Structure formats: C-alpha cells, structure tokens
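In what follows, a structure is listed as structure tokens, so that the remarks can point back to it.
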Amino acid sequence: MIPREHGGWGILLFSVALGVGAAGKFSLSLPLFVIAAFALFFARYPLTLIVKGTSKNRVITWEIIYLSVAILAFIPLLFIFNLWWLVPFGIAFILYLGAYLYLAVSKKQRTVWGEMIGISGLAMASPMAYYVTSGAWQTEALYLWLLSFLYHASSVFYVKLKVKHKTIPDLALSLALKLKMARGLLLYLGMLLVAVLALVFGNQVPVLALLAYLPLMGKAVVGALSPSRVTSIKSLGWTEVFHGLVFTGLMVVIYRFYG
C-alpha cells in the first residue's frame with residue numbers, strides 16, 4: 001500500500017537531501033533515518049484510511065508493518081547512535097500527524113492551510129537529516145526546516161493558479177485580471193522574500209541563500225503574467241519536481257561552498 005501523494009514523495013526526498021547536503025557529511029545512522037522517515041510517510045496513508053473508518057485487514061496490516069519498520073529503524077538511532085535530540089522532533093511529528101489526520105477526516109486536507117500543514121511536517125526531515133548526519137545539534141538545523149518549508153509551500157499557490165488557468169476559456173486576460181488571479185501566489189512570494197532576507201541579514205543562513213529561490217520567482221512571475229494551460233496535472237507535478245531538484249541542488253552548493 002503505497003501513498004498516492006507524489007508531491008509528498010518529492011518534498012520528503014528533497015528535504016532529506018537538503019539536510020544531508022548542508023551537513024556535508026555521511027553517517028552510518030543516515031540509512032536508518034531514511035528508512036524510518038519513509039516508513040512513517042508510508043504509514044500516513046493507511047492510518048488516514050483507518051481514522052476515516054476503514055477497518056479492512058489489509059489496511060491495518062500495512063499500518064502495522066510500516067510502524068514496525070519505523071520503530072525498528074528509530075530505536076538504534078537513540079540507543080546506539082545516541083541521537084536523543086530526535087525525541088523532540090518525534091513529539092513534534094506526532095502533533096503534526098494529529099493535525100494532518102484531523103484535516104483529512106474533516107475534508108480540509110486540500111485547502112491552502114491544510115496543504116501547508118502537510119508540507120510543514122514533511123519539511124521537518126531537513127533538520128532531522130542534518131542532525132542525524134552531523135551527529136550534533138545546532139540551531140542552524142531549524143532554519144533548514146524554514147528554508148525548505150518556504151520553498152515547497154509556494155507550490156500550493158502556483159498549482160492552484162495553474163488549475164485556475166485550465167478552467168478559463170480565453171487566456172487573453174488584462175494585466176489587472178492576471179494579477180488578481182495570481183494575488184495569492186504573489187503575496188506569498190512577497191512574504192517569502194521578506195522572510196529569507198530577514199534570515200540573511202540576521203546571519204542565520206548563507207548570504208547567497210536567496211539565489212536558490214530565483215528560479216522559483218522567475219517561474220511564478222512568468223506563470224502569473226503569461227497564463228498558459230498545462231497538459232495535465234501529472235505534467236505539472238513533474239515540473240514542480242524538476243524545480244524542487246534545482247532548488248535543493250542550489251541550496252546544497254550554497255551551504256557547502258558559501259555557508
């Protein structure tokens with residue numbers, strides 16, 4: 001039983017890669033963490049079905065398997081590698097999971113706030129991967145979560161804008177109407193810009209961190225001012241995966257050589 005959230009796969013994978021890349025190290029604890037992280041990600045799907053009232057043996061069996069794998073991978077991280085700072089993250093993940101399940105049951109999972117909460121939980125993989133890989137807790141790890149969340153949350157507004165474009169018969173829109181339709185995306189990008197600049201000027205992230213967001217800014221501006229229809233949601237998803245790969249690669253380079 002594999003989750004159908006293809007976007008979630010990308011966010012989790014890129015968040016892990018960002019944490020590992022920023023740490024610039026490799027640890028034997030990393031494979032265990034990756035197994036635990038993906039097992040918990042997989043566990044969300046059957047758990048959501050169970051909370052919604054599905055009691056099929058197949059669903060329950062897979063939930064037990066995923067949770068067992070996660071626990072078996074997590075225990076050595078604590079008792080062999082002494083990564084006890086994972087405990088607060090585990091508590092934070094439980095709180096996130098509770099909010100995620102509530103949104104799923106109340107059918108608010110696909111709202112803007114619902115999707116952003118989902119992304120915030122997956123982005124926790126960045127600071128956790130950084131800590132697991134480096135073996136030492138630093139507050140820098142928390143800023144990795146923020147950088148990852150700020151980037152991936154933009155996709156919520158961008159995808160919704162492209163879906164709007166798909167439903168409009170004539171895309172020959174006035175500038176005022178284009179800006180009105182893209183208002184949510186443009187406002188979010190403005191807040192993102194302010195947040196990243198505050199981190200840069202506060203010496204919390206590398207000075208060049210903002211450069212990793214430039215492809216996102218370009219994509220958003222073009223998408224807002226030059227409306228076009230996507231051939232399918234699947235192709236849009238793959239485009240987002242490509243941009244996520246570019247962001248992660250740029251951010252890792254910036255941390256390794258200019259951090």
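If you're wondering where the values come from, they're calculated on a predicted model, not measured in any experiment. FYI, side chains are in, hydrogens and waters are out, and symmetry mates aren't considered; it's all heavy atoms of this structure.
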ask   = Would Ile65 end up clustered with Ile75 when hydrophobic side chains under 4.5 Å apart are linked, directly or stepwise?
value = yes

key: Heavy-atom neighbours of Asn82 CG exceed 12 at 6.0 Å   = yes

request  = Any chance you could lay out the side-chain contact (heavy atoms from CB on, under 4.5 Å) test for Val163 and Val159, step after step, and finish with the verdict?
outcome  = CA-CA 6 Å; Val163 170; Val159 170; 4.3 Å; yes

query = At their closest point, which heavy atom of Ala73 faces which heavy atom of Ile35, and how far apart are they?
reply = CB-CG2, 4.0 Å

message = Quick check: do Val132 and Phe81 have side-chain heavy atoms less than 4.5 Å from each other?
response = no

remark   = d(His152 NE2, Glu240 CD) to nearest 0.5 Å is 10.0 Å

message = Grouping I, L, V, M, F, W and Y whenever their side-chain heavy atoms are under 4.5 Å apart, do Leu189 and Val246 come out in a common cluster?
response = no

task = Specify the closest pair of heavy atoms between Ala22 and Arg256, including all atoms of both residues, with the distance to one decimal.
result = O-NH1, 2.8 Å

key: Ring geometry between Tyr96 and Tyr100 (parallel below 30°, tilted from 30 to 60°, perpendicular above 60°)   = tilted

key: Side-chain donor/acceptor of Ser226 to backbone N/O of Gly223, under 3.5 Å   = no

query = Taking the hydrophobic residues Ile, Leu, Val, Met, Phe, Trp and Tyr, and joining any pair whose side-chain heavy atoms are under 4.5 Å apart, which ones share a cluster with Leu225?
reply = Leu175, Leu179, Leu186, Val221

inquiry  = For a 4.5 angstrom cut-off between non-hydrogen side-chain atoms, does His243 reach Trp238?
reply    = no

Lys160 side chain near Glu115 side chain, heavy-atom distance below 4.5 Å = yes

task = Look at the side-chain heavy atoms of Ile, Leu, Val, Met, Phe, Trp and Tyr, link any pair under 4.5 Å apart, and say whether Leu187 and Tyr158 land in one connected group.
result = no

query = Hey, what do you get for CG (Leu142) to CE (Met124), rounding to the nearest 0.5 Å?
reply = 11.5 Å

inquiry  = On a heavy-atom basis, which atom in Ala125 and which in Val16 lie closest, and how many Å separate them?
reply    = CB-CG2, 3.8 Å

ask   = Is there a path from Ile11 to Phe242 through hydrophobic residues (I, L, V, M, F, W, Y) whose side chains come within less than 4.5 Å of each other?
value = no

query = Do Gln109 side-chain atoms and Lys107 backbone N/O form a donor-acceptor pair below 3.5 Å?
reply = no

task = Flag the pair Trp145 / Phe149 as yes when their ring centroid distance falls below 6.0 Å, and as no otherwise.
result = yes

query = How close do Ser154 and Leu185 get, heavy atom to heavy atom, and via which atoms?
reply = O-CD1, 4.1 Å

query = Aromatic rings Phe247 and Tyr151: how do their planes relate, parallel, tilted or perpendicular, breaks at 30° and 60°?
reply = parallel

ask   = Do the ring planes of Trp84 and Phe79 sit parallel (below 30°), tilted (30 to 60°) or perpendicular (above 60°)?
value = perpendicular

message = Could you measure the distance from the CG atom of Leu83 to the CZ atom of Phe74? Nearest 0.5 Å is fine.
response = 9.0 Å

Side chain proximity check, Glu140 to Gln204, heavy atoms < 4.5 angstrom = no

query = Leu216 versus Lys219: any side-chain heavy-atom pair under 4.5 Å?
reply = yes

inquiry  = Testing the basics here: between Ala123 and Ser15, what is the closest heavy-atom pair and its distance to 0.1 Å?
reply    = CA-OG, 3.6 Å

ask   = Are side-chain heavy atoms of Trp62 and Phe42 found at a separation under 4.5 Å?
value = no

query = Do Leu199 and Val194 share a hydrophobic cluster, counting only Ile, Leu, Val, Met, Phe, Trp and Tyr and linking them when any side-chain heavy atoms are less than 4.5 Å apart?
reply = no

query = Do Phe89 and Trp85 pass the ring pair (Phe, Tyr, Trp, His ring centres under 6.0 Å) test, and can you show the C-alpha distance, the side-chain angles, and the key distance before you say yes or no?
reply = CA-CA 7 Å; Phe89 280 110; Trp85 274 101; 8.1 Å; no

task = Compare all side-chain heavy atoms of Val205 with those of Tyr255 and state whether any distance is below 4.5 angstrom.
result = yes

note = dist Leu97:CG -> Ile117:CD1 (nearest 0.5 Å) comes out at 12.5 Å

message = Return the CG to CG distance between Leu193 and Leu210, rounded to the nearest 0.5 Å.
response = 6.0 Å

ask   = Got a sec: does the CZ of Phe26 have more than 12 other heavy atoms crowding it under 6.0 Å?
value = yes

task = Determine yes or no for a side-chain-to-main-chain donor-acceptor pair under 3.5 angstrom, with Tyr213 supplying the side chain and Leu150 the backbone.
result = no

request  = To the nearest 0.5 Å, tell me how far Leu32 CG sits from Leu72 CG.
outcome  = 10.5 Å

message = Keeping Thr111 on the side-chain end and Lys108 on the backbone end, is there a donor-acceptor pair under 3.5 Å?
response = yes

inquiry  = Within the structure provided, determine whether Leu250 and Leu208 are in side-chain contact (heavy-atom separation under 4.5 Å).
reply    = no

note = Heavy-atom closest pair (Glu63 atom, Ala43 atom, distance to 0.1 Å) is OE1-O, 2.6 Å

side-chain contact (heavy atoms from CB on, under 4.5 Å) between Tyr102 and Val51, intermediate numbers included = CA-CA 9 Å; Tyr102 167 78; Val51 171; over 6 Å; no

request  = Please lay out, stage by stage, how Tyr66 and Phe41 fare under the test side-chain contact (heavy atoms from CB on, under 4.5 Å).
outcome  = CA-CA 9 Å; Tyr66 289 145; Phe41 174 65; over 6 Å; no

ask   = Side chain of Ser148, backbone of Leu144: donor and acceptor closer than 3.5 Å?
value = no

task = Evaluate the ring planes of Tyr131 and Trp137, with Trp represented by its six-membered ring, and classify them as parallel (under 30°), tilted (30 to 60°) or perpendicular (over 60°).
result = perpendicular

